[in-house]
> 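Just passing along the structure, written as structure tokens.
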Amino acid sequence: MSHWAERYVGRKYVPGQYDCGSLVQEVLREQFGVVMQLPGKAVAVNCQVRQLDSLRDELAFKIADPVEGDLVLMLAGGRCSHCGVLAIIEGTRYVLHAVRSAGQVLLQRERDLATYGCRLVGYYRPRN
């Protein structure tokens with residue numbers, strides 16, 4: 001049986017069109033029925049995730065015990081500038097995220113995030 005997250009793996013990262021913020025919004029809407037609308041249309045690389053970070057308390061609340069579909073905020077380049085969605089596969093935490101340096105969407109074990117220079121900031125649950 002395949003996991004819902006696998007359908008996104010390999011999608012091309014396109015700066016200004018399809019980045020980690022775009023992926024998060026798409027996955028939340030398609031898989032969990034959550035619409036997370038950001039004000040305006042972000043066009044710069046990492047712009048959508050910066051909006052998510054600046055609005056995180058308004059859009060979501062921090063949690064200690066995450067479940068599938070929760071937001072994963074990460075440090076990349078020393079600042080909170082990357083996000084993904086938590087997937088739990090056979091009891092293991094994975095992060096589905098669009099990675100600029102890889103040029104595509106990846107599904108990585110949480111413990112392997114450092115492979116692409118990411119460090120976990122925390123888990124957030126959308127408010128709606």
Side-chain angles (χ1 to χ4, degrees):
M1 178 189 290
S2 65
H3 189 273
W4 61 263
E6 293 172 4
R7 72 180 285 210
Y8 300 93
V9 174
R11 288 192 183 176
K12 189 175 178 182
Y13 180 102
V14 182
Q17 294 179 14
Y18 196 79
D19 61 8
C20 59
S22 306
L23 173 68
V24 164
Q25 289 179 84
E26 179 181 21
V27 169
L28 290 178
R29 183 182 67 253
E30 290 181 357
Q31 300 299 321
F32 301 96
V34 175
V35 176
M36 183 173 284
Q37 188 63 41
L38 298 176
K41 175 64 179 149
V43 293
V45 174
N46 287 331
C47 194
Q48 288 183 336
V49 74
R50 286 187 195 131
Q51 284 181 307
L52 282 171
D53 183 40
S54 68
L55 297 169
R56 69 181 167 194
D57 293 331
E58 181 181 327
L59 298 172
F61 55 94
K62 192 167 186 172
I63 54 167
D65 191 21
V67 298
E68 278 205 327
D70 284 337
L71 300 171
V72 180
L73 291 183
M74 295 165 269
L75 287 175
R79 65 186 191 284
C80 187
S81 64
H82 192 54
C83 62
V85 178
L86 182 67
I88 300 175
I89 303 171
E90 296 180 5
T92 301
R93 290 181 184 170
Y94 286 79
V95 178
L96 182 70
H97 58 135
V99 181
R100 179 176 46 175
S101 63
Q104 64 181 331
V105 173
L106 301 175
L107 181 62
Q108 288 187 288
R109 286 180 298 196
E110 181 185 84
R111 68 178 183 227
D112 295 334
L113 289 173
T115 303
Y116 285 94
C118 298
R119 196 176 90 219
L120 184 69
V121 171
Y123 301 102
Y124 289 80
R125 184 152 305 141
R127 289 198 182 273
N128 51 336

> Could you tell me if the side chain of Cys118 sits less than 4.5 Å from the side chain of Gln108, heavy atoms only?
no
> Linking Ile, Leu, Val, Met, Phe, Trp and Tyr by side-chain heavy atoms under 4.5 Å, what else ends up with Val99?
Leu106, Tyr116
> Quick one: OH on Tyr13 to SG on Cys20, what's the gap to the nearest 0.5 Å?
6.0 Å
> Check whether any side-chain heavy atom of Leu73 lies under 4.5 Å from a side-chain heavy atom of Lys62, and answer yes or no.
no
> Heavy-atom distance under 4.5 Å between the side chains of Leu107 and Ile89, does that happen here?
yes
> Can Glu26 and Tyr18 be said to form a side-chain contact (heavy atoms from CB on, under 4.5 Å), step by step?
CA-CA 10 Å; Glu26 179 181 21; Tyr18 196 79; 2.4 Å; yes
> For the atom pair CG (Leu71) and CZ (Phe61), what is the distance rounded to the nearest 0.5 Å?
10.5 Å
> Report yes if some heavy atom in the side chain of Gln31 is under 4.5 Å from a heavy atom in the side chain of Val85; otherwise report no.
no
> Identify the heavy atoms of Gly84 and Val95 that sit nearest to each other, and give their distance.
CA-CG1, 4.1 Å
> Arg111: what forms a side-chain contact (heavy atoms from CB on, under 4.5 Å) with it, not counting sequence neighbours?
Arg109
> So, for Gly10 and Gln104, which heavy atoms are closest and what is the spacing to 0.1 Å?
CA-OE1, 3.3 Å
> Backbone N or O of Ile88 within a donor-acceptor pair of the Glu68 side chain at under 3.5 Å?
yes
> Is Leu96 close to Val9 at the side-chain level, that is, under 4.5 Å between some pair of heavy atoms?
yes
> From Ile63 CD1 over to Tyr124 OH, what is the distance, rounded to the nearest 0.5 angstrom?
10.0 Å
> Would you call Ser22 and Asp19 a side-chain contact if the rule is heavy atoms closer than 4.5 Å?
yes
> Side-chain contact, heavy-atom cut-off 4.5 Å: Met74 with Leu113?
yes
